[in-house]
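What follows is a set of notes on a single structure, which appears directly below.
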Amino acid sequence: MRKTECLAMILAGGQGSRLGALTKKIAKPAVPFGGKYRIIDFPLSNCANSGIDKVGVLTQYRPLELHNYLASGSAWDLDQKNGGIFILPPYAREKGADWYQGTADAIYQNLNFIDLADPEYVLILSGDHIYTMDYSWMLEAHKMNKAEATIGVIEVPWEEAPRFGIMNTDKTGRIEEFEEKPAKPKSNLASMGIYVFNKNFLKKYLEEDAKDETSSHDFGKNIIPKMLKDKARLYSYAFEGYWKDVGTIESLWQANMDLLQDQPPFDLKGEKKIYSSNESMPPHYIGPDAKVKNSMISEGSMVLGEVENSVIFPGVRIGKGVKVTNSVIMPSTVIRDGAVVDYAILAQNCEVAAGAKVTGQLGAITVVAEGETVEAEASGKQAG
Amino acid sequence: MRKTECLAMILAGGQGSRLGALTKKIAKPAVPFGGKYRIIDFPLSNCANSGIDKVGVLTQYRPLELHNYLASGSAWDLDQKNGGIFILPPYAREKGADWYQGTADAIYQNLNFIDLADPEYVLILSGDHIYTMDYSWMLEAHKMNKAEATIGVIEVPWEEAPRFGIMNTDKTGRIEEFEEKPAKPKSNLASMGIYVFNKNFLKKYLEEDAKDETSSHDFGKNIIPKMLKDKARLYSYAFEGYWKDVGTIESLWQANMDLLQDQPPFDLKGEKKIYSSNESMPPHYIGPDAKVKNSMISEGSMVLGEVENSVIFPGVRIGKGVKVTNSVIMPSTVIRDGAVVDYAILAQNCEVAAGAKVTGQLGAITVVAEGETVEAEASGKQAG
Amino acid sequence: MKDVMGIINLQEDNKLIRELTDKRAVESMPFAGRYRLIDFTLSSMVNSGILNVGVMLPDKPRSVLDHLRSGKDWDLARRHDGLFYLPSPSEEESIRKGDLKNFYHNLDFFEHSSQKYVLLTSGSFVYNVDFSQMLRFHQNTSADITMVYYTAKEEQPGRNVVLETAENGLVTDMAEKPAIYDDSKVAMNVYLIEKRIFVELVRYTYEHGGQDLLMDGIIRRANEYNIYACEHDGYVAHVDSTSAYYKANMDLLQPEVWEELFMGSNSIYTKGKDEVPVQYKETAKVKNSLIANGCVIRGEVENSILFRGVTVGKGVKIKNSIIMQKCDIQDDSLVENVICDKNVVISKEKWLKGANNYPLIITKNVVI
Amino acid sequence: MKDVMGIINLQEDNKLIRELTDKRAVESMPFAGRYRLIDFTLSSMVNSGILNVGVMLPDKPRSVLDHLRSGKDWDLARRHDGLFYLPSPSEEESIRKGDLKNFYHNLDFFEHSSQKYVLLTSGSFVYNVDFSQMLRFHQNTSADITMVYYTAKEEQPGRNVVLETAENGLVTDMAEKPAIYDDSKVAMNVYLIEKRIFVELVRYTYEHGGQDLLMDGIIRRANEYNIYACEHDGYVAHVDSTSAYYKANMDLLQPEVWEELFMGSNSIYTKGKDEVPVQYKETAKVKNSLIANGCVIRGEVENSILFRGVTVGKGVKIKNSIIMQKCDIQDDSLVENVICDKNVVISKEKWLKGANNYPLIITKNVVI
């Protein structure tokens, strides 16, 4: 059997409560993004494009729906003999089941999975970010540095640095200090929440941390500082490019809008493709009286009205006389004749009745939750 | 999307404690049987051969190891777009995780999985039995009878009937009475633990049963009697052929030995193939001084000594001067020169040292647990 | 339907559509923005529950092999059954003409398959059919051979087999006609036959000098078999000429046809390309068109079909045209009544215009 | 190795092994009880981490297509990359002889692939090689072309390319010889080349009248390239004649060879058949033999290789023989020094005996 060199573990988070109504029925990694993708398509496609073929997905919430989306993993070519996608919810154990307490605890609870796969390196990823990255280069740097841990970092504007975990490194990239949300940052290198660890090194720290009742079992707060205190060989690996947290309604909306710029800061058509698992649908149809500009539209949709500055997912119906502006319309949602949608995110399988209005504003995007219907009389603003 | 007509749920049981040392490291469905198979290959192959492509496997225990064996399901052609194998351990839920309390509770706890698949019929199978059966015929009978539930039954010798759940039916096969282990059975039609239910009908009874605190949440003890009390349309479906419970050490050993008869009662070479997920191994090698008779031997093994009345799994090494008789040797076990093995089951990856002895007797089969080594000085009998 | 094996016969006569089939089989013609013609019959088989499909390779197999590959996109990359390629016999095995020799030299494939029935189709029809209804009809009528027809709604040239049937579906006459008329019952080249009968038919006919399965095997021997036909009342197009190809594409601009073929409970599958959604830029104006993923549009498009990855520059006007994969239509050019094959570049300010009923065809990889 | 694409060239000259390759390519010859020859190079590629493999189809493609199918058994039924079939050009495209035209007419496959290197092998060698070591060697030496050789341990007839190398592996001479001698460095028909160089080599050589990749492309132009070779010191056999075929099979009865080829960390994959374990009955006597699953044995077998599903009756004696899939050797017959192709039936009490160094060959499907 071929050996797994590097195992990826994607922290797909809890109930994703910052995304509110969008995660009522689905786990955060399965939230649609970018006209046809799901958030988890990005780390999974990065894994596939980096030659990593075994991936654990740690989620507390709605594992079955996620399992249905990921299926056998064939969309990402992860259905291989020794590879595959493994969904890892908190299982019942002899002592009963525990919710994952923090990022480190989630990995700790799955140490038996890691031991079974028996990789040399463990790559830990977050399921909240939109970016493309070839992890094999980071792994290469990790080996060259003879590091015990390598942390992906990105330069952020100095004024935003206090919102992040900040690395202070020497000239070789070795991390000397790590400050979680420092008031006065000494550098603008922020942690991307991407870690490569030597497996046994990681295991030792996780086991120690699990015994520490004062720990909040978090990589940024507990594990990394402890490693630094022990003078372990921690290196940074600098990433350049688009990297965006989509963990809130506003940031999710903004990241979708970023794609509509004439020269978008993030090019979905880049050298490495983003794979996703979609139902087979025909090219979309634009009707005789439709007007579409500055927008993205995907397969299986039918547009008879007007669409501007918007992202339209597969299987959407936009009726005659409809105006959709500054909005994100997720799969299979129906907007009937004459309705108006502005500054809104409509989740999957929604219906906006004929003549109804769904309008928000910049900074206060209106969200319609999965499967809901907006009637004409009840139209107006709904809380996000 | 193609609709799932019939969803199969395999009750893969608890810690399988009746199989003792064999289930120390693996779940019962993954226990090897018949020279190259695992117990779960039989219901899975039956599903594949019956055109059922979506299967839930309910197990409390070691879901990861089972996941590793089942992988994407491709060995059974279950890695299809709307199909697949779903391993369903007790997940953590909002209220915390519960162990499955009984067969009915296990299905009840996975009603959301059944709702997602949304089949018309649910086929419930047990993971303890060796047999081949085309379930599509049973489903056809279920539809023809306009039944709400259909139970697979097999004629057992009258003297054994008190060990089973016994059906009393009218001439049309409609079940009038069900007696669990009756002292004086009125019929010899025993339940095989194979049920077809109309989905909504099943759901209603499971939800009622879950509320009943006096219930032990078992199909045979609670659900079926309740349905009969309500005069529901329950039919029997008679199966003819080999059907063997392999839930104990002795029955597992006997079922292996059954295969060695000159005309075995159960033909693995039947019309419908039994599929299994095996590593790729070459034809086995029989050495110049080997003697093999009345035995089954599989790929990747090397036999230099004597083998009689035994079943040898893949990758086994049998050294010079070894005598293996009346035994079952599971994958990758090594028996070194001059050792003697009689009336024993050796689990996977065991080692029997040169000159060591592992001997049991009829009715008291010796078991060596996975990964253990039997030294020459410590040789002799080990408890099963 | 696990008792039925499918066979797709890719041995069509290409002459009427030569410009577009110079390097490919007609069945692998790009169609409807992202499909190939063969996707329709193959998806219909898969959706009907057929798990074992043999594809009789055409003389130019490259485009078919490249499209279908492992069969995974149709769920046919299976360990048991799944997609099989059946090559034509080499010259030393047979120098006879016609499709019958291909069946004859692949008879072992039929004999080794476990299914009881054979469903034989051709790859040049556009339809979305549930063949499981056909099996039920076949079993109820106890037919030896069941065919499928559609009722023509208008006159149309082109060789087709036209049926006459009794009320119960029994075929009373069957003949190849040079054109079809209103209410003709036109055969869709779909045959359901018990395998035993099919093997006997192929073997007997070939060994007695037959060349063509339909002509020599079925039409000439029609009186020996109990032949029934059932009607398909959904959308059908037979792509046997350039004009039929153009018309069938344009039919999809009727939303009812688009909905019926693609958006019902049975999808049409094709090779996945992971293209990004269509980007409509500030200056885009699109009307009554089908636009496939991967396109970037800055110009005007009307009554047209754009395949995956087409770029439409500023000031471009595309009308009544079919633009295949990865074409690049550069700024200020005009394209009307045109079929552009794959990878064509129309450079800036070019004007291309075909006739209303006779589209201009631009062959693959050309730069204009 | 995700930067390397594999190409298996199935264009071998079959003449020396004609009885067994009448209906199949030499690369799909059954071997070692359950494999086909092509499994060895294909599995080596997959185990080395190559994800994109093109198979240049031979003139008789049926047996290769039937064996490899979707590529799923080798983990090559992928959505991106995976197994590709590259058909030979049709006669109207090229009437030239040699293998070069096949490369030339499939150049678009190379150009559309994302990998930087091409690994070219042939399908008639038996070995289990880790090509990732070869890539490291190639990168370290900055070679244009890297080849692999083995050092011959005995004289042997048969055309082979023999190399001379400097100490650092630089190839100083390369020539086709009619036989090999002790210590000859024999090329294993494995080439690692940067794709850019490979495409240029094929295009230039073909467009200047070349026919054979090795002869016209590499040997004649050897002085234009920096060619290195590295040694493979494991088991190798080149199956280029019936006697080489027989000998290579018999080599597997040495447990060291069997262990090295099959039981190391890299498996050899093949088409799965889900055969049951071998059943040894009361009267079975088997010595020094390889027995594949699905066999049922009641007689005696010695120094032989039994493929999947062979039945050996009571009183049978099989010695020094290779019995392929599904043969039925009935009671009391004697079979010595024989190669039985697939599905042969030896009926009761028949005696068949070939010479010690010249096995008797029984062709497919024969009943004796």
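Just so we're on the same page: letters track the sequence lines, and every chain starts at 1. Quick note: numbers below take in every heavy atom, side chains included, and nothing from hydrogens, waters or symmetry partners.
The parts of C:Leu253 that come within reach of chain A are both its backbone and its side chain, each placing non-hydrogen atoms under 4.5 angstrom from that chain. Proximity to chain C (any heavy atom under 4.5 Å) is shown, for A:Phe313, by neither the backbone nor the side chain. Of the two parts of C:Glu259, only the side chain, counted from C-beta on, holds a non-hydrogen atom closer than 4.5 Å to a non-hydrogen atom of chain A.
Using a 30° and 60° split on the angle between ring planes, C:Trp74 and C:His67 fall in the perpendicular class, above 60°. The aromatic rings of A:Phe33 and A:Phe42 sit perpendicular, their planes meeting at an angle over 60°, well past the 30° parallel limit. In this structure, C:Tyr35 and C:Phe262 have parallel ring planes: the angle between them is below the 30° cut-off, well short of the 60° mark. Between A:Trp76 and A:Tyr69, the ring planes lie perpendicular to each other; the angle is over 60°, past the 30° to 60° tilted range.
Most heavy-atom pairs under 4.5 Å with chain C, from the set A:Pro314, A:Gly300, A:Gly35: that is A:Gly300. Chosen from A:Asp262, A:Val307, A:Leu268, the residue pairing most often with chain C at heavy-atom distances under 4.5 Å is A:Asp262. Note: A:Ile297 leads A:Leu304, A:Leu260, A:Ile297, A:Leu259 in heavy-atom pairs under 4.5 Å with chain C. If you tally non-hydrogen atom pairs under 4.5 Å between each of A:Lys293, A:Glu299, A:Glu308, A:Met281 and chain C, the highest count goes to A:Glu299. For the options A:Pro288, A:Gly315, A:Pro264, A:Ser45, heavy-atom pairs under 4.5 Å to chain C are most numerous at A:Pro288. Counting heavy-atom pairs closer than 4.5 Å to chain C, the top residue among A:His284, A:Lys291, A:Met302, A:Lys269 is A:His284.
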Checklist line | Test log, rule side chain to side chain contact (heavy atoms under 4.5 Å, CB included), inputs C:Lys271 and C:Asp66 | finding: CA-CA 9 Å; C:Lys271 184 177 175 178; C:Asp66 184 51; 3.9 Å; yes
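No donor-acceptor contact under 3.5 angstrom links the side chains of C:Tyr269 and C:Asp75, judged on distance only.
Remark: the backbone N or O of C:Ser122 is not paired with any side-chain donor or acceptor of C:Glu27 at under 3.5 angstrom.
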